[in-house]
Amino acid sequence: MHKIIICDTSCFIVLTNISELDLLQKVYAQIVTTPEVLDEFGETLPQWVIIERAVNYQLQQVLELQLDKGESSAIALAIGTPGCTVILDDIKARKVAEKLGLDITGTIGVIIKAKLKGIIPSIKPLIAKIKATNFRLTEDIEKEALITAEE
């Protein structure tokens, strides 16, 4: 059985901006997201993305006091989905998810996993494309990513 992967808006945006959205499906097979993330993304998502509403709406509303609707809904959905991984890039959202005991990764983590699974030959060209967008990527994260991806 595949692990359930819940995706926030930023990963969809970044991978779409570098024309690599299909990497998500190649790496994880099945991706789940929320109606709020779909609204924030503002484009049609591929058929392989399942849209699910978070059951714990009260938790989602509490999270919205400090995070945006997409992140809040993704975290609330993850809380109600045992054993899942949630893809979050926003540092504040990641800290909240960690405090709640969730398994998290980010867009760069998805790219590293694609390299380690042999789906892509190198993360360097994708990192270069990402840096050409408005996505903030620190030098430390880039260095760590290259080491983790064995490049």
Side-chain angles (χ1 to χ4, degrees), residues 1-18 20-46 48-117 119-120 123 126-127 129-131 133-149:
M1 188 172 124
H2 289 291
K3 191 171 197 176
I4 294 173
I5 306 298
I6 297 169
C7 193
D8 179 37
T9 316
S10 69
C11 185
F12 288 132
I13 291 170
V14 173
L15 292 178
T16 298
N17 285 345
I18 66 165
E20 295 287 352
L21 187 60
D22 62 331
L23 262 190
L24 269 175
Q25 186 187 28
K26 289 175 182 169
V27 173
Y28 296 113
Q30 199 166 51
I31 302 292
V32 179
T33 198
T34 65
E36 292 83 356
V37 169
L38 182 62
D39 287 347
E40 281 183 3
F41 183 58
E43 293 179 39
T44 306
L45 284 167
W48 44 264
V49 178
I50 297 164
I51 310 294
E52 273 184 36
R53 195 169 290 284
V55 179
N56 191 339
Y57 190 67
Q58 282 180 308
L59 171 63
Q60 183 176 328
Q61 287 183 308
V62 170
L63 290 168
E64 282 177 22
L65 298 173
Q66 52 185 329
L67 305 172
D68 72 30
K69 282 185 183 298
E71 293 157 354
S72 299
S73 65
I75 291 170
L77 180 60
I79 289 287
T81 311
C84 71
T85 295
V86 62
I87 303 173
L88 296 163
D89 290 319
D90 180 78
I91 192 77
K92 201 168 166 188
R94 290 173 71 97
K95 284 181 178 165
V96 169
E98 280 175 353
K99 279 186 188 150
L100 292 169
L102 295 173
D103 183 24
I104 59 170
T105 191
T107 302
I108 302 301
V110 172
I111 292 166
I112 292 168
K113 200 164 186 117
K115 161 72 178 359
L116 297 177
K117 282 185 152 193
I119 296 163
I120 57 172
I123 69 167
L126 299 187
I127 297 275
K129 284 184 187 177
I130 288 170
K131 285 167 73 175
T133 70
N134 63 356
F135 186 79
R136 289 190 304 271
L137 183 63
T138 66
E139 262 186 61
D140 288 347
I141 290 174
E142 185 179 348
K143 283 178 189 164
E144 193 180 318
L146 291 168
I147 292 165
T148 308

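On a predicted model such as this, the values are computed, not experimentally measured, just so you know.
- One distance of note links CG of Leu21 with CD1 of Ile13; it measures 11.0 Å at 0.5 Å rounding.
- Among residues at least two apart or in separate chains, side-chain hydrogen bond (donor to acceptor under 3.5 Å, both in side chains) pairs with a member in residues 103-116 are Lys3-Asp103, Thr85-Asp103, Asp89-Thr107.
- Rounded to the nearest 0.5 Å, atoms CG (Leu23) and OH (Tyr28) are 10.5 Å apart.
- Taking both residues in full, the closest heavy atoms of Ile119 and Lys26 are given as CD1-O, 3.3 Å, listed atom of the first, atom of the second, then distance.
- No more than 12 heavy atoms of other residues, nucleotides or ligands sit less than 6.0 Å from atom CD of Glu144.
- The side-chain heavy atoms of Val62 and Gln58, taken from C-beta on, include no pair separated by under 4.5 Å.
- Other residues, nucleotides and ligands contribute more than 12 heavy atoms inside 6.0 Å of the NZ atom of Lys117.
- The structure places CD1 of Ile6 at 9.5 Å from CD1 of Ile87, a figure rounded to the nearest 0.5 Å.
- Residues Val96 and Leu88 fail the side-chain proximity criterion, which asks for heavy atoms closer than 4.5 Å.
- A 4.5 Å side-chain heavy-atom check between Asp8 and Asp90 finds every atom pair outside the cut-off.
- Using a 4.5 Å heavy-atom threshold, the side chains of Phe12 and Ile31 count as touching.
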Quiz item: Taking it one step at a time, do Lys92 and Glu71 satisfy salt bridge (Lys or Arg N to Asp or Glu O under 4.0 Å)?
Solution: CA-CA 10 Å; Lys92 201 168 166 188; Glu71 293 157 354; over 6 Å; no
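- Taken to the nearest 0.5 Å, the CD atom of Glu36 stands 9.5 Å off from the OG1 atom of Thr9.
- Within the model, atoms CG of Leu38 and OG1 of Thr33 stand 7.5 Å from one another, a figure rounded to the nearest 0.5 Å.
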Exercise. Show your working on side-chain contact (heavy atoms from CB on, under 4.5 Å) between Leu45 and Ile51 and close with a plain yes or no.
Key: CA-CA 9 Å; Leu45 284 167; Ile51 310 294; 4.3 Å; yes
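- In plain terms, the two heavy atoms of Leu24 and Cys7 that are nearest each other are CD1-SG, 4.1 Å.
- Applying the salt bridge (charged side-chain N to carboxylate O under 4.0 Å, His left out) test to Glu40 and every residue at least two apart in sequence or in another chain returns nothing.
- Considering CD1 of Ile127 and CD1 of Ile108, their distance stands at 4.0 Å, rounded to 0.5 Å.
- In summary, of the residues considered (Asp39, Leu63, Thr34, Leu59), a side chain to side chain contact (heavy atoms under 4.5 Å, CB included) with Ser73 occurs for Thr34 alone.
- Surrounding NZ of Lys69 are at most 12 heavy atoms belonging to other residues, nucleotides or ligands under 6.0 Å away.
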